[in-house]
Amino acid sequence: MAIPVNLYDLVRGRRVEGPRIEYIRSWNPSDILHTMCAFANDIDGWGGGYIIIGVDFSNGSPHIIGIDRGSADDISKELLGMGDLMQPRYIPSGDVFEIDGTAVYIIWVPAGDRRPYNSPIIYTRGKPKKDQVIERAYYIRKLSSTIRANHDDEMRLMEVSRSHPFDECINYDATVDDLRASLVRDYLYRIGSSLYKRALNENIYDLAYEMRIAGGPREDRRPLNVGLMFFNESPERFIPGAYVEVVRKPDPTGEGMIVNRFDGPLDGQIMRAEEFLVNVVVSEMIRKTDGPQSEKHYNYPPRAIRELLVNAVYHKSYEINEPVVVTVLPDRMEFLNYPGPSTAISDEDLRNNRLTVGVYRNRRTGEYLKELDLAEARFTGIPQVVESLASNGSPPLRIETDPGRQYFRAVIEIHPWFLPIPDGDDGSTLEDRIVLALRRNGCMSMRDLSEALGYRGVNGSVSGTVSRMMSEGRLEYLYPDKPRSPKQRVCLPKDQGSR
């Protein structure tokens with residue numbers, strides 16, 4: 001059996017979230033059957049999970065204790081029988097692996113194609129006797145525990161089971177030959193999978209089936225959409241809209257607009273679009289202060305760009321033939337994908353950048369992005385954007401959508417230091433221009449302020465306006481007790497972040 005993840009990281013709970021891993025000290029068929037059923041039901045859209053036998057979880061961390069390698073064949077045989085006990089029938093994948101010289105048995109339980117699944121409440125070996133009544137139940141995961149579903153859980157399970165994620169569907173417009181073995185092997189090498197060496201000599205048909213990126217009967221095996229997204233050089237041929245556009249608009253009217261397109265495997269799209277934005281759009285400014293330290297800010301923090309780009313690629317619907325579009329304007333950057341956020345997220349939560357979802361739209365896509373270190377655990381992307389903007393001194397993230405939630409637009413505004421100061425021809429007042437100059441440059445001498453506004457030397461209009469704004473409390477001196485000091489500076493009040 002092949003597990004297309006890094007086994008060392010898996011056993012230690014890295015990259016794969018805790019609720020998707022069940023550690024069991026030794027073979028316990030009843031608990032394992034119920035947990036298999038719960039992972040196959042995948043009520044929260046995590047993508048199934050892994051049962052690791054021979055590991056004790058205590059004091060908040062896993063400890064490998066191992067199993068008797070000679071018992072692996074018996075475990076595998078009984079495991080197949082357990083799959084027969086589930087309704088509908090489920091075929092699990094399990095095998096023995098060596099971690100740090102110790103044998104453990106790992107069962108991979110992807111979300112089932114025929115959910116919902118139920119299983120006997122009481123496990124008994126062998127086929128049930130004729131006319132034997134077996135009490136059955138649905139099982140689900142709640143946090144890191146397997147529980148029997150109650151009535152409300154069953155209703156929710158039925159609801160989520162009616163939909164099948166697009167990235168897990170078979171694409172009948174493609175063949176397995178459209179999956180590139182070189183891309184699959186490169187992926188396995190990059191994540192450190194034990195499957196990599198086998199993949200060097202295995203044909204793409206068997207390899208794709210083992211990795212669950214192909215499905216259907218053997219005589220007509222076809223790739224899943226997620227396989228085409230990551231392991232074909234031109235996924236947009238089969239999935240229109242599976243690419244990223246970066247649009248630079250130096251003028252809001254669109255005059256002089258430049259469009260750059262990034263296609264290929266999804267992970268490559270993200271990395272090349274990110275590299276382009278960081279190299280072409282992002283700039284850094286260092287400003288000296290009166291103290292020994294200097295201040296440094298980006299016009300757009302690179303971490304925020306990366307997270308919003310990944311978020312857009314991860315959460316867009318690939319059934320909608322529209323690409324992810326990143327628009328760069330003189331004063332902001334916008335990340336657009338379709339459709340919008342779930343209606344389960346309130347307008348207030350959107351205004352406060354609190355985004356959580358019950359079921360992910362592209363759960364297998366998320367697994368691959370996490371393995372490649374492009375995405376992290378659930379619900380962390382937007383908080384990291386918020387934190388990186390705050391650390392950079394940038395305006396807060398703004399999320400926009402329409403009443404019908406047909407689109408999702410994340411907007412990050414340029415850092416105030418990088419805002420162009422208007423010359424007044426656009427109707428801006430001198431007061432506005434003074435405030436903008438101070439936001440951009442911090443505290444300034446009267447001469448520097450006048451020159452930043454386009455005057456030579458100290459300008460009388462600027463001095464008079466500054467004096468009036470001082471009396472109104474809209475500006476203040478850096479050294480209020482030394483008004484004539486040569487080190488004197490004009491500042492915005494502290495609550496406006498000018499220092």
Side-chain angles (χ1 to χ4, degrees), residues 44-45 160 163 165-167 225-226 229 235-236 239-249 259 261-263 266-267 269-270 273-274 277 281 300-301 303-329 331-366 368-370 374-389 394-414:
D44 287 324
V160 300
S163 63
F166 177 79
D167 61 351
N225 286 319
V226 69
M229 290 180 193
E236 70 279 3
I239 308 168
Y243 61 95
V244 174
E245 278 188 353
V246 175
V247 181
R248 288 176 288 162
K249 285 186 177 180
V259 179
R261 173 167 164 160
F262 301 90
D263 46 26
L266 292 194
D267 55 308
Q269 293 179 26
I270 291 171
E274 177 192 5
L277 288 167
V281 177
Y300 302 104
R303 184 59 184 269
I305 291 174
R306 180 190 181 102
E307 293 296 334
L308 289 176
L309 190 57
V310 170
N311 185 77
V313 170
Y314 186 173
H315 297 296
K316 70 157 286 185
S317 170
Y318 289 90
E319 295 177 88
I320 298 175
N321 298 340
E322 293 292 337
V324 168
V325 179
V326 182
T327 305
V328 182
L329 294 154
D331 60 347
R332 65 190 183 278
M333 192 181 296
E334 301 177 350
F335 297 77
L336 175 68
N337 64 270
Y338 298 89
S342 167
T343 54
I345 303 174
S346 69
D347 291 339
E348 181 182 357
D349 283 341
L350 285 177
R351 285 192 294 270
N352 290 283
N353 299 320
R354 296 192 297 260
L355 274 71
T356 56
V357 292
V359 178
Y360 274 5
R361 187 173 288 121
N362 304 301
R363 57 192 181 192
R364 288 290 300 281
T365 301
Y368 284 115
L369 292 176
K370 290 170 190 172
L374 291 173
E376 299 189 26
R378 297 179 80 161
F379 315 139
T380 60
I382 294 299
Q384 288 187 17
V385 173
V386 171
E387 190 279 330
S388 65
L389 290 172
S394 299
L397 172 68
R398 192 169 76 247
I399 293 174
E400 300 174 350
T401 187
D402 63 319
R405 302 289 176 91
Q406 297 183 58
Y407 68 87
F408 181 100
R409 181 185 290 119
V411 182
I412 53 176
E413 298 177 25
I414 197 168

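Numbers here simply count residues along the sequence, with the first being 1. Source: prediction; values computed, not measured.
Separation of atoms OH (Y407) and OG1 (T401) is listed at 5.5 Å; rounding is to 0.5 Å. E413 contributes atom CD, which lies 11.5 Å from atom CG of L329 (distance to the nearest 0.5 angstrom). To the nearest 0.5 Å, atom CG of residue D167 and atom OH of residue Y314 are 9.0 Å apart. To the nearest 0.5 Å, atom CE of residue M333 and atom CG of residue L277 are 5.5 Å apart. Rounded to the nearest 0.5 Å, atoms CD1 (I239) and CG (N321) are 10.0 Å apart. Expressed to the nearest 0.5 Å, how far CG of L350 lies from CD1 of I345 amounts to 6.0 Å.
Applying the salt bridge (charged side-chain N to carboxylate O under 4.0 Å, His left out) test to residues at least two apart or on different chains, the pairs with a partner in residues 332-345 are R332-E334, E334-R409.
In this structure, L389 and L397 approach most closely via the heavy-atom pair CD1-N, 3.5 Å. Across all their heavy atoms, V310 and A375 have their closest contact at CG1-CB, 4.0 Å. The shortest non-hydrogen separation linking P301 to S388 is CG-O, 4.0 Å. Nearest approach of F408 to N311, heavy atoms of both residues: CE2-ND2, 3.9 Å. Of all the heavy atoms in P339 and R361, the pair that sits closest is CG-NH2, 3.5 Å.
Between E307 and E387, the closest side-chain pair of non-hydrogen atoms is not below 4.5 Å. Y318 places a side-chain heavy atom less than 4.5 Å from the side chain of M229. The side-chain heavy atoms of L374 and D267, taken from C-beta on, include a pair separated by under 4.5 Å. Contact annotation: the side chain of F335 approaches that of V326 to within less than 4.5 Å [non-hydrogen atoms, C-beta and beyond]. Side chains of Y368 and L266 form no contact here, defined as non-hydrogen atoms less than 4.5 Å apart.
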### Task
Please test V247 against V325 for side chain to side chain contact (heavy atoms under 4.5 Å, CB included), starting from the C-alpha separation and ending with a verdict.
CA-CA 7 Å; V247 181; V325 179; 4.0 Å; yes

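Every residue two or more places apart in sequence or in another chain was checked for a ring-ring contact (aromatic ring centres under 6.0 Å, His included) with Y338, and none qualifies.
The main-chain N or O of K316 is found under 3.5 Å from a side-chain atom of N362 such that the two form a donor-acceptor pair. Looking only at distances, no side-chain donor or acceptor of R248 sits under 3.5 Å from a matching main-chain atom of V328. Judged by distance alone, the side chain of D263 and the main-chain N or O of Y243 form no donor-acceptor pair under 3.5 Å.
Looking at L309, V246, I270 one by one, the single match for side chain to side chain contact (heavy atoms under 4.5 Å, CB included) with F262 turns out to be V246.
Look at R405 and D347 and you find a salt bridge, because one of the NZ, NE, NH1 or NH2 atoms lies within 4.0 Å of a carboxylate O, short of that distance.
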